[in-house]
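The block underneath contains the structure these notes are about, expressed in structure tokens.
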Amino acid sequence: MFDLLIKNGNVVTPAGTRRMQVAVLDGKIHALEAELTGPARKTIDAAGKLVFPGFIDAHTHMGIPIMNTFSVDDFESGSVAAACGGVTTIVDFTVQEPGQSLHESVATRLEKAGGKCHVDYALHVNVTDQAEARLPEIPQLIEDGFRAFKVFSTYRQAGMMVTWAQFRQVLQTVDAHGGLLCLHAEDNDLVEQETARHISSGDLAAIFHPRSRTAEAEARAIARAAEIARELDAALYIVHLSSRAGLEAALEARARGSKLFLETCPQYLVLTEECYLRKDGHLWITTPPLRREEDVEALWQALADGSIDVVATDHCPFTVAQKDAGGGVFHQTPNGLPGVETLFPLLYTFGVAQGRISLSRLVQVLAGNPARIFGLSPHKGGISKGLDADLVIWDPEQTVEIKAEQLHGKADWSPYSGLTVSGRVDYTILRGQVLVEEGRFRGESVVGQLLRAQKGEQR
Ligand code: URP
Ligand code: ZN
Ligand code: ZN
């Protein structure tokens, strides 16, 4: 007797899409066959639907401090939103308070997620304070299953930046012990110079956000970091790539031998800096900023040809009131956008339905690649026998307009309101348990578990 049988769906894997029956037992995919009959405790007829692996959002920030406030989703609300969008695993980031050890920062974050998170979760470890003093902690954290670390080459005034010398030390240590370093790449000198220039001219409107945090700043930081990575022969993961210049810097570095993983986000694939010209344009302030149409096209191209490895959201939502508290001034508005619930619907609509990427690419960048890169692949990232039964059933016949009030996070607006997506998440299933049924969240008890990563680089 199976626990669950999903019948007649079109199952999407990197190898292609085929009509298959999926049987689930004890939270795992037990069988995957062209023909299978029950009995099963629960049967879902997925005829005419697409069956995807549960998606992984490898970049979220639940309840983090930014500019005297906190991103508004906690692990509870953010994970309900995730499940409703077909995301069954999130990878969030620790917050290292000044003076805090990395181990303490992990413990604090685990405390916040434990018993609250409806989807499975892993953690990347931020190194923002006293990097040199924290190096000895890194090997044990990797041993404990926290293998990805993150540093920022900017946010000096917020006390989060590492110097390039510190970057080199952290990268060397993380890589030597089988971990992976992630980088928020912006050249801080250029950002501070351009920000100061605009402030002193009284140019404070939202459009001066992209004018201050330029594509050139992204490209410079990527080039510098990639060169250090090449010298150390260490892999490096670039988060939220936003621009054509940044992409070109990364591709040039790869051609010279740097081992780079590249991540971009839906906001850089679907929106442009035109949003900042709206009356309420400050709502869209996120870092790096939204860019131009030519950047959007370059990122899609790189996604299609395999140059970009992962799409994740950088989910970091604020309410309108939180955003407004900055008075519309670009550098005083808390930066970040909601995104976890719209990640897959947007990538399907603007990628697959509009012919820019294949279904196979979609499951690679939203499931297979993040699972492999972050050491989750023994259990996550695909639909095959023995993997966790994390599954999403998508009805491509529906068309749904995105409305903030119908999303499940705590933000009272969405950057994507008014866009129409080509389908609906009918079911989200986590380790065989139904979290979303016929489009409605059903998670009665909290079942999300902490995931510990496997060591070793997996290109
Ligand atoms: O503006 C953003 N993206 N806020 C979250 C922090 C970060 O830089 O990823
Ligand atoms: Zn960032
Ligand atoms: Zn982020």
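Keep in mind that this is a model prediction, so the values were computed, not measured. For ligands, and for the atoms within them, numbers begin at 1 and follow the listed sequence.
- You'll find the ring centres of F344 and F52 inside the 6.0 Å limit.
- Under a 3.5 Å cut-off, the side chain of E137 and the backbone N or O of H103 do form a donor-acceptor pair.
- With no hydrogens or angles considered, a side-chain donor-acceptor pair links H282 and D324 at under 3.5 Å.
- The protein non-hydrogen atom at the shortest distance from atom 4 (N) of ligand 1 is N335 O, 3.1 Å.
- Side chains of T89 and Y121 form no contact here, defined as non-hydrogen atoms less than 4.5 Å apart.
- H184 and F152 have tilted rings, their planes meeting at an angle from 30° to 60° on a 0 to 90° scale.
- Between F330 and H198, the angle of the ring planes goes over 60°, which puts this pair in the perpendicular group of the 30/60° scheme.
- Using a 4.0 Å cut-off to heavy atoms of T286, the atoms of ligand 1 that qualify are 1 (O), 2 (C), 3 (N).
- Using bins of under 30°, 30° to 60° and over 60° for the plane-to-plane angle, the ring pair F93/H124 lands in the tilted bin.
- Within ligand 1, counting atoms from 1 as listed, the ones closer than 4.0 Å to a heavy atom of H59 are 9 (O).
- Around the Zn ion (ligand 3), the protein N, O or S atoms closer than 2.8 Å are H59 NE2, H61 NE2, D314 OD1, listed by chain and residue number.
- Residues that satisfy the ring-ring contact (aromatic ring centres under 6.0 Å, His included) test with W300, not counting sequence neighbours, are absent from this structure.
- When only non-hydrogen protein atoms are considered, atom 8 (O) of ligand 1 lies nearest to Y155 OH, 2.6 Å.
- Atoms of ligand 1 lying under 4.0 Å from any heavy atom of H240, numbered from 1 in the order shown and given with element: 8 (O), 9 (O).
- With D74 contributing its side chain and E76 its backbone, the two residues share a donor-acceptor pair below 3.5 Å.
- With a 4.0 Å cut-off on non-hydrogen atoms, D314 touches ligand 1 through its side chain and not its backbone.
- What sits closest to atom 6 (C) of ligand 1 on the protein, heavy atoms only, is H61 NE2, 3.8 Å.
- In the vicinity of H184, heavy-atom distances shorter than 4.0 Å reach the ligand 1 atoms 8 (O).
- Ring geometry for Y237 versus F261: interplanar angle of 30 to 60°, hence tilted.
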